[in-house]
**Q** 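Provided herewith is a single structure, encoded as structure tokens, for subsequent inquiry.
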Amino acid sequence: MAMVLLAAVSLQCSSTWKWLLGIARQDAQDDDDGELGQQNAIRISHSLPDLQSEPVTHEYVQEQKDNKKVLRQTTLPIVPMRHQNFQRQLSHRLDLPNIQFSICSLENRNDSRLGLIKPELYKKDLTRQESNESSSTGEMENAGKLHFAVRYDKEIEGLVVKVLEARELPIKDVTGSSDPYVKVYLLPDRKKKYQTKVHRKNLNPIFNETFIFSVLQDDLRERYLQFSVYDFDRFSRHDLIGQVVLKDLAECIDCGHEIEYTMDIMCTVQDKVDLGELMLSLCYLPTAGRLTVTIIKARNLKKMDITGSSDPYVKVYLLCQGKRIKKKKTSVKKGCLCPVYNEALVFDVPAENIEDVSLIVKVIDYDRIGSNELMGCTAIGANFIGIGRDHWLEMLDNPRKPVAQWYNLSETVAGHIPSVEQLPMKVLTLGAM
């Protein structure tokens, strides 16, 4: 028994010794491999040029940082981008009247009748059929005469305007008379305006009031005078009687003399049919370049359906220099002649283009089966005569504030301001100062 135990212990000791020798040999072999690898690395570094390469992990970290920079949201103004879209839409509109056309000359062909003009085909006179857009200019009528005088004073560098009198004004009050007064603007600058006194119950008022606009003589080429004649009303908004516009001031004044003019007071012809009224407000934010048109409500609209009602909605067109840029519309109010909308239509208009912008507002009856019908329209802007012009100028004089106004709907859009050549003008006196 003792011999058996001794043999087992000896076997265990020999196995343990062999295992320790194997571990020692493995460590020695690993050390030899490490020295060989280091020598090879040294050989490669001496045989190849120095390469400044970053570790893979460092490149991965840098790539993650770059991705974070790309995906990071930054607070940037978006107004210029919206204004670029406005300019792009304006440039895409072709101005056909300004395109120069020419007739190409063709060589004479004796062997063919192709291209020959036959006079017998052109004997019948043809008339151009106007579209709804081209015939939408409202007619103008005379609402009396305005007598005024202008001169330029070099000493004070100012334009001197004298409002002398008005004659043959129309009756605006139920008493058979009017309470007229005159507002004087030097446009397109809206910073300064003057107003005469109100003359009670007088259709031929004599004002004899003088106003001075501080302006350089060289700037008169881009300015024009506007006289707006109003009828004063104590309990409601003042009625516009008409307007007089004097353009080309640099040619119409004499620095050493005073020139008097008698010009017709022009106003738009009011439609005899009552098409209802529309109330809307305007608000312009110069910094953001944002024009907000809020359609508030309408009343007494025209009955368009056989049921004695209508399905009205309002469409607003944004025009710049006479070219249509954008259009937006409200929701449809089913079976209602006095709809309430309270919907805001927002247009992006840069501050440098606000002088050339105007609006066309149309009230349209929605028809599911046939085509939609126009119920009435109105125009707003500095280039139109009437309430729309005064509303527009009031909005520009009060930025960031909504200005509301009622509009009488008409069948056609009110006319543009005529140029000075279209207005009857007569020089009465030419006296030295």
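Because the structure is a prediction, the values reported are computed rather than measured. Residues: numbered from 1 along the sequence shown.
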**Q** Around K329, counting heavy atoms of other residues, nucleotides and ligands shown, do more than 12 lie under 6.0 Å from its NZ?
**A**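 Counting other residues, nucleotides and ligands, NZ of K329 stays at 12 neighbours or fewer.
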**Q** Would you please test T262 and E260 for side chain to side chain donor-acceptor pair (under 3.5 Å) and show each step?
**A** CA-CA 7 Å; T262 298; E260 295 185 4; over 6 Å; no
**Q** Would a distance-only check, ignoring hydrogens and angles, find a side-chain to backbone donor-acceptor pair under 3.5 Å from D365 to D311?
**A**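 Yes; at least one donor-acceptor contact below 3.5 Å.
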**Q** Taking salt bridge (Lys or Arg N to Asp or Glu O under 4.0 Å) as the definition, give me every residue that meets it alongside E168, ordered by chain and number, with sequence neighbours left out.
**A**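 Once residues adjacent in sequence are excluded, E168 has no partner under the salt bridge (Lys or Arg N to Asp or Glu O under 4.0 Å) criterion.
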**Q** Fit a plane to each ring of H391 and Y407, take the angle between them on a 0 to 90° scale, and name the class: parallel (under 30°), tilted (30 to 60°) or perpendicular (over 60°).
**A**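 The arrangement is tilted - the two ring planes meet at 30° to 60°.
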**Q** Kindly indicate, with the supporting measurements, whether the criterion side chain to side chain donor-acceptor pair (under 3.5 Å) is fulfilled by S281 and Q405.
**A** CA-CA 6 Å; S281 69; Q405 173 65 46; over 6 Å; no
**Q** Take atom NZ of K334 as the centre, draw a 6.0 Å sphere, and report whether it contains more than 12 heavy atoms from other residues, nucleotides or ligands.
**A** yes
**Q** What pairs with E394 under side-chain contact (heavy atoms from CB on, under 4.5 Å), at least two apart in sequence or on another chain?
**A** R237, N398, V403
**Q** For K328, does its backbone N or O pair with a side-chain atom of Y317 as donor and acceptor, under 3.5 Å?
**A** no
**Q** Tell me, please, whether Y230 has K183 positioned over its six-membered ring: NZ or CZ under 6.0 Å from the ring centre and within 45 degrees of its axis?
**A** yes
**Q** Under 3.5 Å, side chain of Y284 to main-chain N/O of P402, donor-acceptor pair present?
**A**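 No; zero donor-acceptor contacts below 3.5 Å.
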**Q** Taking D264 for the side chain and K145 for the main chain, is one N or O donor matched with an acceptor at less than 3.5 Å?
**A** no
**Q** Distance under 6.0 Å and angle within 45° of the ring axis: does K247 meet both against Y224?
**A**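 Geometry flag: set, cation within 6.0 Å and 45°.
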**Q** May I ask you to decide if V182's main-chain N or O and T196's side chain share a donor-acceptor pair within less than 3.5 Å?
**A** yes
**Q** For I206, I'd like to know if atom CD1 has over 12 heavy atoms of other residues, nucleotides or ligands within 6.0 Å.
**A**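 Open: at most 12 neighbouring heavy atoms sit under 6.0 Å from CD1 of I206.
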**Q** Quick one: does any side-chain atom of S178 pair with a main-chain N or O of K172 as donor and acceptor, under 3.5 Å?
**A**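 Confirmed, S178 side chain pairs with K172 backbone.
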**Q** Measuring from atom CG of L282 to atom OG1 of T292, what distance do you get when rounded to the nearest 0.5 angstrom?
**A** 9.5 Å
**Q** For a 4.5 angstrom cut-off between non-hydrogen side-chain atoms, does Y181 reach Q195?
**A**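 They are in side-chain contact.
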**Q** So with a 6.0 Å cut-off around CZ of R221, is the heavy-atom count from everything else above 12?
**A** no
**Q** Could you tell me if K326 sits above the aromatic ring of F347, with its cationic atom closer than 6.0 Å to the ring centre and no more than 45 degrees from the axis?
**A** no
**Q** Donor-acceptor check, side chain of T378 to backbone of K362, threshold 3.5 angstrom: yes or no?
**A** no
**Q** Heavy-atom distance under 4.5 Å between the side chains of L159 and L186, does that happen here?
**A** yes
